[in-house]
Student: 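Got a structure here, written out as structure tokens. Questions coming.
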Amino acid sequence: MDYLIKTLDEMEEQFKPFREPFNRLKTLMTYYECAILEVKTKLDVLNKEFMDNELRNPIEAIKTRIKSPASIIEKMERKGFELSMDSLEENINDVAGIRVVCSFIDDIYKVAEMLTCQDDIRVLTVKDYIKNPKKNGYRSLHLVVEIPIFLSTGKKFMKVEVQIRTIAMDFWASLEHEIHYKKSNSNADSVKKLTECADTIYETDLTMMSLRKEMIDDEE
Ligand code: 0O2
């Protein structure tokens, strides 16, 4: 027993240098979780108001996630960033991620505008992969925003990445993420087929949007 206690004491001593960074990381992750809650509440409020005014929800689903430590480290190494807590906060924009799935393409831009015009939101970057799709056909609107969270010690701005896309774009991206994204053994034929699927899906999205417009015009 004495032996065990001695060993645990030694272990505690050995792990001391890791305790401080580990606690800091845990706290930082909690802050990112709080930032997600803030942005998600804003989106829920907008969706409810939209339902009240237009009798439909522009937002089909909201998915949230905190990036896993393994994925954070992989990204920092891939992009050549220093592996430190400050570098993580500074360089990794998508530790807190929110994916907003909309019904129609024009809903994406409505939701983005309604969110970013709020005066406590700072927009850091906008990447429009719908107007400028990636070579593989990936389409989505990416916003990196900063939002204040109110802690007992004061206000802290946290970064959140908001990805907004249609149901169809989300279907493609989810499957492509599983089949191909980040995989090194890419096969030219499957890449080509995935791109063709993305383009077909986009055409369908455009058709769905014009069908909805025609229906609205007929009703008026
Ligand atoms: P994961 O596993 O989804 O978390 P930046 O953040 O601006 O410094 P980054 O991260 O290259 O640079 O930005 P970008 O292009 O906006 O991409 C961020 C995220 O978008 C990715 O995060 C993916 O979630 C998604 N994404 C981007 N391109 C693709 C794609 O071709 N296919 C799929 N399925 N998703 C994509 P991660 O961290 O790379 O991956």
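Note that ligands are numbered from 1 as they come in the structure, with each ligand's atoms numbered from 1 the same way.
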Student: Who's closest to atom 20 (O) of ligand 1 heavy-atom-wise, of His142, Arg65, His177?
Tutor: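 Minimum heavy-atom distance to atom 20 (O) of ligand 1 goes to His142.
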Student: For ligand 1, which atoms, with element, lie under 4.0 Å from some heavy atom of Tyr129?
Tutor: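 Per the distance check, 14 (P), 15 (O), 16 (O).
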Student: Taking the six-membered ring of Tyr109, is the NZ or CZ of Lys131 close enough (under 6.0 Å from the centre) and on axis enough (within 45°)?
Tutor: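 Ring-cation test returns yes.
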Student: Do Trp172 side-chain atoms and Asp199 backbone N/O form a donor-acceptor pair below 3.5 Å?
Tutor: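 No; zero donor-acceptor contacts below 3.5 Å.
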Student: Determine, considering heavy atoms only, which of Lys67, Arg99, Lys127 sits nearest to atom 4 (O) of ligand 1.
Tutor: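 Ranked by closest heavy atom to atom 4 (O) of ligand 1, first place is Lys67.
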Student: Short list, please: which atoms of ligand 1 are under 4.0 Å from a heavy atom of Asn136?
Tutor: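 This gives 30 (C), 31 (O) as the contact atoms.
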Student: Against ligand 1, does Arg78 come closer than 4.0 Å with any heavy atom?
Tutor: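 It does; at least one heavy atom falls under 4.0 Å.
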Student: Within this structure, what is the OH-CG distance for the pair Tyr31 and Leu151, rounded to the nearest 0.5 Å?
Tutor: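 Atom-to-atom, Tyr31:OH and Leu151:CG are 5.0 Å apart.
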Student: For Ile59, is there any backbone N or O sitting under 3.5 Å from a side-chain donor or acceptor partner on Asn57?
Tutor: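 No; zero donor-acceptor contacts below 3.5 Å.
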Student: Just to be sure I'm reading this right: ignoring hydrogens, which of Met169, Glu161, Glu176 gets closest to atom 18 (C) of ligand 1? Compare them by their nearest heavy atoms.
Tutor: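 It is Glu161 whose heavy atom sits nearest to atom 18 (C) of ligand 1.
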Student: Determine yes or no for a side-chain-to-main-chain donor-acceptor pair under 3.5 angstrom, with Lys159 supplying the side chain and Glu90 the backbone.
Tutor: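 Yes: the side chain of Lys159 pairs with the backbone of Glu90.
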Student: List every atom of ligand 1 that sits less than 4.0 Å from any heavy atom of Asp94, numbering the atoms from 1 in the order shown and giving each element.
Tutor: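 Answer, ordered by atom number: 22 (O), 38 (O).
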Student: Between ligand 1 and Trp172, is the shortest N or O to N or O distance under 3.5 Å?
Tutor: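 There is no such contact.
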Student: Examine distances only and state if a side-chain atom of Ser87 and a backbone atom of Phe81 form a donor-acceptor pair shorter than 3.5 Å.
Tutor: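 Between the backbone of Phe81 and the side chain of Ser87 there is no qualifying donor-acceptor contact (under 3.5 Å).
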Student: Give the numbers and elements of all ligand 1 atoms closer than 4.0 Å to a heavy atom of Lys79.
Tutor: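 Every atom of ligand 1 under 4.0 Å from some heavy atom of Lys79: 8 (O), 9 (P), 11 (O), 12 (O).
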Student: Out of Lys75, Lys159, Lys134, who gets a non-hydrogen atom closest to atom 28 (N) of ligand 1?
Tutor: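 Of the listed residues, Lys134 has the closest heavy atom.
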Student: Under a 4.0 Å N-O cut-off, is there an ion pair linking Asp52 with Lys48?
Tutor: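 Answer for the salt bridge query: no.
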